[in-house]
Amino acid sequence: MTENRNPDAGTAAPAAEAPRIGTGAILTYLVLAFGLAWLAVLPLWLGAGLREPYAVPLMSVMMYTPAIAVLLVLVVLRPIPRGARLRFLGLWPLRPVRRVVWMSVIGLLVPPLLVLASTAVAVLCGWLRVDLVGFSGFAELLAAKVPAGTPLPPTGVLIAAQAASIPVAGATVNAVAAFGEELGWRGFLVPALRRWGTWPALLVSGAIWGLWHAPIILLGYNFGRADLGGVLLMTGGCVVLGMLFGWLRLRSASIWPAVFAHGAFNASAAMYLWFFAAGSDPDPALVLPLGVSGWIVGAVVIVVLIATGQFRRQPALAADRPRTPPSTLPPVGADPSAPAGT
């Protein structure tokens, strides 16, 4: 597949010109995505916040507000021709299959490794005290969730079982939940912003993604900081993570690797709880993979991707195969002995 140079972005762009999304359509999408997100969790603000029993279902609904916003923009404003919508969003066709599959495998398997690396950074920096023998902190968490005296399997066995379940959860239930966000942020917004360059698209979309989380961050979600500091922490984490998910999107030309990466990340984000020592009180702002330790690991990976030219390789999805092969027979009434092209 041939690739053309985009003089504005300095990166490889698809040979076929993608639809140009107007500023009005982008702003409309953002207003809808943010407004619907606040609307989805409004009952939490009117009630007991994250303590409400329906908090998790409402946050799951919130995850689909970017997808709903995309659909509304496509139907009402029609910024993308009907026949080009699936390709623009990276949904279909999944060709070349090998590239999409391998990038999806990377998206599924690498995020847990990044989470482990961020946990190691937190330990090395003195932000996380661990117990790698008795896993005492995790054992206390488990004991607190069951009636007193309930026998539990060995902590190491439970950790191994949870670790084995991460790729499965990342590819199934967590991917289904993540799809709602990815369709909006990496499916629509990143390619819509690419006309201003690859780096502006990744940085701006990541920052917007982080700010979009404000309705639940301001309730204390993730960092336990219901203030501007919590929102800024989430924004920083989403900028770093959004660049990595955005690379998967642009490098594969498909949304699916980013969907699986998002699902795998969500399934593994709390892995540090396996290792922390009982009696310690780790600061989520430092030890979470969306916190400072995660920023460090993500920055290292981004530098490696830049150094190896990975952000310059942005191929397009291959054209779908024709449903019927072209006919080699001459048209009715034509002289079969006539040379081709006459």
Side-chain angles (χ1 to χ4, degrees), residues 1-33 36 64-101 103-104 107 175 178-202 204-205 208-209 242 245-262 311-326:
M1 179 181 298
T2 60
E3 296 177 347
N4 295 334
R5 291 286 174 182
N6 183 339
D8 295 328
T11 58
E17 181 128 2
R20 186 182 178 93
I21 307 300
T23 304
I26 295 173
L27 293 177
T28 301
Y29 162 73
L30 294 178
V31 169
L32 288 171
L36 291 171
Y64 264 80
T65 56
I68 296 171
V70 168
L71 294 177
L72 290 174
V73 168
L74 292 182
V75 171
V76 177
L77 300 182
R78 301 179 182 179
I80 307 171
R82 186 184 298 271
R85 291 174 182 175
L86 295 181
R87 183 181 296 277
F88 181 89
L89 297 173
L91 291 168
W92 191 262
L94 303 181
R95 298 185 61 239
V97 175
R98 180 177 298 179
R99 183 179 71 207
V100 175
V101 169
M103 295 298 291
S104 296
F179 175 80
E181 290 189 50
E182 290 305 313
L183 184 65
W185 308 124
R186 259 63 64 179
F188 177 79
L189 188 59
V190 166
L193 295 176
R194 267 178 76 196
R195 63 180 169 124
W196 288 289
T198 293
W199 290 109
L202 294 177
V204 171
S205 65
I208 290 172
W209 181 34
F245 291 175
W247 170 73
L248 288 170
R249 167 69 168 98
L250 297 176
R251 182 66 182 83
S252 67
S254 171
I255 190 181
W256 299 110
V259 169
F260 291 127
H262 195 156
F311 284 96
R312 292 196 299 269
R313 303 179 66 182
Q314 298 177 20
L317 285 172
D320 206 359
R321 293 187 178 92
R323 296 182 182 274
T324 57

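Please read all numbers here as calculations on a predicted model, not as lab measurements.
Listed by chain and number, the residues in a side-chain hydrogen bond (donor to acceptor under 3.5 Å, both in side chains) with Arg251 are Gln310 (sequence neighbours excluded).
Closest approach of Ala33 and Ala69 over heavy atoms only: N-CB, 3.7 Å. Of all heavy-atom pairs spanning Leu183 and Leu89, the tightest one is CD1-CD1, 4.1 Å. Of all heavy-atom pairs spanning Leu74 and Pro79, the tightest one is CA-CD, 4.0 Å.
Checked by atom type and distance alone, the side chain of Arg85 pairs as donor or acceptor with a backbone atom of Ile80 at under 3.5 Å.
Under the 4.5 Å side-chain criterion, counting only non-hydrogen atoms from C-beta, Phe179 is in contact with Trp256. You'll find the side chain of Phe188 reaches within 4.5 Å of the side chain of Ile21, heavy atoms only. A 4.5 Å side-chain heavy-atom check between Arg249 and Trp185 finds every atom pair outside the cut-off. Between Leu202 and Leu250 the shortest side-chain heavy-atom distance falls below 4.5 Å. Within the 4.5 Å cutoff, the side chain of Leu189 has no heavy atoms near those of the Val204 side chain. Counting heavy atoms from C-beta on, the side chains of Leu94 and Trp92 come closer than 4.5 Å. Within the 4.5 Å cutoff, the side chain of Trp247 has heavy atoms near those of the Met103 side chain.
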